[in-house]
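Quick notes on the structure that follows.
All residue numbers refer to positions in the sequence shown, counting from 1.
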Amino acid sequence: LPEEDLPDLELKRETCGTPPVLDGNRIVDISYFIEEVKKIGIHDSTCTMGKMKFIKEHRRGVTSKLLFGCDTCCKTLHVQTQPENTVETSNEAIVWESLSIGIGFSQLQELLPILNTPAMAKKTYNRYEINVWKKWKNELCQQMKKAAEEERKLAIAEGNIENGVPYITVVVDGDWAKRSYGHGYSGVACIIGEKTKNYFLLASKINTLTPVQ
């Protein structure tokens with residue numbers, strides 16, 4: 001057919017179901033996130049007949065990966081709230097800080113919604129909590145060994161040796177908490193070197209005291 005006899009071009013768009021909604025706040029690396037969002041603008045400037053639409057969110061702890069798709073050319077792209085190589089660090093950091101200030105998963109679940117920010121799942125929290133405790137324990141063991149070695153050197157320098165073994169003076173302290181009905185449920189004890197004022201033995205256990213190191 002001649003061009004003048006061709007019908008006018010019509011573009012129809014159909015949507016099925018309720019479109020997904022992205023709401024609330026997220027913890028973002030602001031400079032990185034701005035660069036990520038620019039990818040949507042670049043696409044919209046080249047695909048003039050289509051627009052990027054939000055499809056779904058994949059949460060990984062307190063970080064998110066957002067999936068967008070073009071309603072015309074069907075191209076998809078991801079926008080992340082934080083760089084890929086910092087996802088583990090960010091999640092571990094929030095667990096680390098929550099433990100540092102004396103709160104746990106339940107309190108964190110109450111805190112983040114106040115900021116209208118989704119909290120991480122309990123399984124995810126527990127995984128990072130184990131990693132944090134391992135790092136703390138390793139650091140604690142190193143510090144205790146260092147403190148004991150310092151006390152040993154001071155004892156040798158002062159001639160505090162008996163049968164070839166240096167001896168030191170220590171301060172021991174501890175407590176044992178009890179519930180209102182009289183049953184003990186947890187305790188902690190420590191040994192501190194008199195000279196260095198550093199601890200080189202800690203013990204903590206629920207119901208029975210056992211040494212940490």
Exercise for the section: Determine whether more than 12 heavy atoms belonging to other residues, nucleotides or ligands lie under 6.0 Å from atom CH2 of Trp133. Expected result: no
Problem - Linked, directly or transitively: Ile30 and Ile40 (ILVMFWY side chains, under 4.5 Å) - result: yes
Handout entry: Side chain to side chain, Ile27 and Thr63, heavy atoms closer than 4.5 Å
Key = no
Practice task
Report yes or no: do Leu112 and Leu99 belong to one cluster of Ile/Leu/Val/Met/Phe/Trp/Tyr joined by side chain heavy-atom distances under 4.5 Å?
Solution key: yes
Exercise for the section: Say whether Asn126 and Thr124, considering side chains only, have a donor N or O and an acceptor N or O under 3.5 Å apart. Expected result: no
Exercise for the section: Determine whether Ile114 and Ile94 fall in the same hydrophobic cluster, where Ile, Leu, Val, Met, Phe, Trp and Tyr are linked whenever their side-chain heavy atoms lie under 4.5 Å apart. Expected result: no
Practice task
Flag the pair Trp136 / Trp96 as yes when at least one side-chain heavy-atom distance between them is below 4.5 Å, and no otherwise.
Solution key: yes
Practice task
Taking Thr81 for its side chain and Ser64 for its backbone only, find out whether a donor-acceptor pair lies under 3.5 Å.
Solution key: yes
Problem - Cationic N near anionic O, under 4.0 Å, Arg59 to Glu57 - result: yes
Completion exercise
Exactly one candidate in Lys146, Arg152, Lys145 meets side chain to side chain contact (heavy atoms under 4.5 Å, CB included) with Glu149; the answer is Arg152
Exercise for the section: Report yes if the side chains of Glu150 and Asn198 come closer than 4.5 Å at any heavy-atom pair, otherwise no. Expected result: yes
Handout entry: Within 6.0 angstrom of Lys39 NZ, more than 12 heavy atoms from elsewhere
Key = yes
Handout entry: Asp71 side-chain N/O to Gly50 backbone N/O, donor-acceptor pair under 3.5 Å
Key = no
Handout entry: Salt bridge present between Glu84 and Arg60 (N-O < 4.0 angstrom)
Key = yes
Problem - Backbone N/O of Asn160 and side chain of Glu158: donor-acceptor pair under 3.5 Å - result: no
Practice task
Mark yes or no for whether Asp173, through its side chain, and Ala189, through its backbone, hold a donor-acceptor pair below 3.5 Å.
Solution key: no
Handout entry: Glu92 side chain to Asn131 backbone, donor-acceptor under 3.5 Å
Key = no
Exercise for the section: State, yes or no, whether a side-chain contact exists between Cys190 and Ile192 at a heavy-atom distance under 4.5 Å. Expected result: yes
Handout entry: 4.5 Å side-chain heavy-atom contact, Thr86 and Asp29
Key = no
Problem - Polar side chain donor-acceptor pair, Gln109 to Tyr125, under 3.5 angstrom - result: no
Handout entry: Asn91 CG to Arg127 CZ distance, which is reported to the nearest 0.5 Å
Key = 7.5 Å
Practice task
First locate atom OG1 of Thr46, then atom CG of Asp44, and finally report the distance between them rounded to the nearest 0.5 Å.
Solution key: 7.5 Å
Practice task
First locate atom NZ of Lys123, then atom CE of Met120, and finally report the distance between them rounded to the nearest 0.5 Å.
Solution key: 14.5 Å
Handout entry: Nearest-0.5 Å distance, CG of residue Leu67 to CD1 of residue Ile55
Key = 4.0 Å
Practice task
For the pair Thr117 (side chain) and Pro113 (backbone), establish whether a donor and an acceptor sit closer than 3.5 Å, ignoring hydrogens and angles.
Solution key: no
Handout entry: From CA spacing to verdict: side-chain contact (heavy atoms from CB on, under 4.5 Å), Gln80, Leu66
Key = CA-CA 6 Å; Gln80 296 190 183; Leu66 312 176; over 6 Å; no
Handout entry: Note, Phe33 side chain near Pro83 side chain (heavy atom, < 4.5 Å)
Key = no
Problem - Euclidean distance, Asp23 CG relative to Arg26 CZ, rounded to 0.5 Å - result: 6.5 Å
Handout entry: Same apolar cluster (I L V M F W Y, side chains within < 4.5 Å links), Val132/Val87
Key = no
Problem - Leu154 with Val171, same ILVMFWY side-chain cluster at under 4.5 Å - result: no
Handout entry: Donor-acceptor under 3.5 Å (Gln143 side chain, Leu140 main chain)
Key = no
Handout entry: Enclosure of Lys65 NZ (heavy-atom neighbours >12, cutoff 6.0 Å)
Key = yes
Practice task
Find out whether Thr76 and Phe68 are in side-chain contact, i.e. whether some heavy atom of one side chain is under 4.5 Å from a heavy atom of the other.
Solution key: no
Exercise for the section: Decide yes or no for Cys70 and His43: does some side-chain heavy atom of the first lie under 4.5 Å from some side-chain heavy atom of the second? Expected result: yes
Handout entry: Interatomic distance, Thr89 atom OG1 to Gln82 atom CD [nearest 0.5 angstrom]
Key = 9.0 Å
